[in-house]
There are 2 protein chains.
Amino acid sequence: MTQRHRPTIHEVAKVAGVSISSVSRALNGNTSNADMVARVNAAVQEVGYVPSMVAQSLKTRHTGQVAFAMEDIGNAAYLEMVRRIQPTLREVGYRLLLHSTGADAEDELGVLASLSQNYVDGLILCPLRVTGRHVEALRHPAVPVVVIGLLPDDVPVDNVRADSRVGARMAVEHLHEAGARRIAFIDGPLDTVPGRARHDGYRMGLEACGLKPDDHLIRFADFQFEGGRHSARDLLTQHPDVDAVLGANDLIAMGAMHALRELGRHVPGDVRVVGMDDTPLAATSFPPMSSVSLGSADRGRIAAELLLRRLDGDGSPPERVTVPPSLTIRESSR
Amino acid sequence: MTQRHRPTIHEVAKVAGVSISSVSRALNGNTSNADMVARVNAAVQEVGYVPSMVAQSLKTRHTGQVAFAMEDIGNAAYLEMVRRIQPTLREVGYRLLLHSTGADAEDELGVLASLSQNYVDGLILCPLRVTGRHVEALRHPAVPVVVIGLLPDDVPVDNVRADSRVGARMAVEHLHEAGARRIAFIDGPLDTVPGRARHDGYRMGLEACGLKPDDHLIRFADFQFEGGRHSARDLLTQHPDVDAVLGANDLIAMGAMHALRELGRHVPGDVRVVGMDDTPLAATSFPPMSSVSLGSADRGRIAAELLLRRLDGDGSPPERVTVPPSLTIRESSR
DNA sequence: GCACACCTCGGAAACGTTTCCCAGCATCCC
DNA sequence: GGGATGCTGGGAAACGTTTCCGAGGTGTGC
């Protein structure tokens, strides 16, 4: 930790025998004199100069940083997004800041507020719940913001959506087609955006198939494995006639598969199972589990691209992109 | 994107009728005059002032940011680390920058070099392979660095290690104790740090159990599911007497479990399986899979704590912490 | 040969903070 | 009551860049 003095542009200028303005110009390609450029570069090498990001940011008013805020990066869907967002941004020189807010709406708002500190040029936000205060904060963001997730139509912000309502519906229709008639649903909390949408989709699916919705066949877990397992055990004990379970995400569905196994029910023979998000968990489970992909990776990529356009100065009206879901059918529901 | 003028400390000073020095002091708690503080705060509220992070960084010479660089955040072990590093840093006000280098040594070196741009106060690095150039770059880092992973002893950098050699050995001993005699091993690439260590541990384990190492029972995959599956299929076809498989990580082991199932071999009846890293995959697989935890979360937390100490100005000699492995026994090896 | 345009480069002003330094004032002690 | 002491708050410098502006030099056209 020997605090060696970091060389500045002034030292470079002195060594090269030119002014600091010339150094700056030479380094930023704003000069045509080849000799000058050569001398500056030589001096840069000699003193080991590296420009200070911070000073540049102060002057140029942009930081080369973008933040991504979501509930928990441990969630596979968000993980997939990060994996696409990072390279997309990186390609054009942006760094990625991660905010795992831990499902704390207060924290999300904090992130939004902290944008005025100007430490990032833009934000990609994945709110789990959208409150009035979110909407308020999003009306006048200090920097461009792209929201992944459902948003009221009048919020003037680029918005990338999954259609998990349609996704849930597709799953139900598929299960029906495969022969299921008593299709249960283990949802996440109803006050979350995805929980609500999937619930609606489930009901729409039932109706489309001519099945009568039965609230007793709906359970609520917390998007986690244990919740799914517990709910499924409960469900199947009380309603042994259930012949299919849709989980609001793969973790829930995996939990359900475990519960079924513990109850001695065969998947898919006795009960079919479908999950959502199509995470690696689904493909590697046994039996491999059908799952509705909500295009997390695509949503991440698209969000990053939208943001980059804004950062490039695009002032066109906010865009709204919806990524269609797709169902991957595997053994668990055949 | 109406570029409203962001209020600066000067505006606050004007509104409060004091000097900018007083505003700064009031905001940073370096004044005792309650009246002054109140007036400044009122002015801050009135004009909606938020300090510019960038200007502060330039002046104070620290950014409140820390970078974490690893191969791929999709890897569950790194993910666990991030999940612990972020809150630990956040608690004391640091933001986390993510660098997923994609196993590109060049990129890792780039991150190391870019540290002199001073956009972060510190770095936590997880190199997959450690080259001479890594070591060279680590000798004079521009900011404090903590390395998670094996490092030559003479590199003067805080270092947090897993003991995956001992971990692999524990797994072998456990399998032997459970009755296995032909224990196969599907490793990652030998030229990676963990690949090498686990290989050594596997052999140590065999010797400790009095089993004769047989190179035919070793396969190499790429730490991925498909690699594990393919290797296991191959292995079991050529050596049907194999009665246990150790995977160098959970993905490999999961792949092996699938291959076994496809070959009609029962787990654990015919073949026992143990994975490594103890990711959620292990706990949610069927049958639940034994796995050696290498303490990823702990390593992340410890690395963050070490770094924070350095950022606090601790100048003591570099520390080396080794996190002991622990084996979680589940059905797959009972 | 001179006026003019053009280009190159240096000086200096910003960007928005923190902090050093010092003047002014009140307090205290002898 | 006067000088030393301590505290408070203002002015200004500094952090390390980019960029505006203008001076000087060079080339061109008449």
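Below, all heavy atoms of this structure are taken into account, side chains as well, without hydrogens, waters or symmetry copies.
Among the atoms of the strands shown, none is found under 4.0 Å from any heavy atom of A/Val23. The residue B/Val40 sits apart from the nucleic acid: no heavy atom pair falls under 4.0 Å.
Regarding contacts with the backbone of D/dG16, every side-chain N or O of A/Gln56 stays at 4.0 angstrom or more from both OP1 and OP2. The side chain of B/Ser19 places an N or O atom within less than 4.0 Å of a non-bridging phosphate oxygen (OP1 or OP2) of D/dG10. Note on B/Tyr49: a side-chain N or O is less than 4.0 Å away from OP1 or OP2 of C/dT17. Contact check, A/Arg61 against C/dG16: a side-chain N or O comes under 4.0 Å of OP1 or OP2.
The nearest pair of heavy atoms linking B/Val323 to B/Leu294 is CG1-O, 4.3 Å. Nearest approach of A/Pro156 to A/Arg139, heavy atoms of both residues: CD-NH1, 3.9 Å.
Closest to the side chain of B/Leu58, out of D/dT8, D/dG16, D/dT18, is D/dG16. The nucleotide whose nearest atom lies closest to any side-chain atom of B/Val18 is, among D/dG16, D/dG10, D/dG9, D/dG10. Relative to the side chain of A/Ala55, the nucleotides D/dG16, C/dC9, C/dG16 differ in distance, and D/dG16 lies closest.
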Any protein N or O atoms within reach of nucleotides 19-25 of chain C? Criterion: under 3.5 Å, listing atom names and distances.
none

**OP:** For B/Glu80 and B/Arg83, run salt bridge (Lys or Arg N to Asp or Glu O under 4.0 Å): C-alpha distance rounded to whole Å, both residues' side-chain angles, the deciding distance at 0.1 Å, then the answer.
**Re:** CA-CA 5 Å; B/Glu80 275 314 303; B/Arg83 291 183 74 188; 3.6 Å; yes
**OP:** Please lay out, stage by stage, how B/Gln86 and B/Val66 fare under the test side chain to side chain contact (heavy atoms under 4.5 Å, CB included).
**Re:** CA-CA 10 Å; B/Gln86 210 245 350; B/Val66 164; over 6 Å; no
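Side-chain contact of B/Asn159 with B/Arg161: a donor-acceptor pair under 3.5 Å is present, judged by distance alone.
The nearest whole Å value for the distance from the NE2 atom in A/His10 to the C1' atom in D/dA13 is 14 Å. Rounded to whole angstrom, the span from the CD1 atom of B/Ile9 across to the C1' atom of D/dG11 amounts to 14 Å.
Counting heavy atoms from C-beta outward, B/Gln65 and A/Gln65 have side chains that approach closer than 4.5 Å.
In this structure, the separation between NE2 on A/His99 and CE on A/Met70 is 9.0 Å, given to the nearest 0.5 Å.
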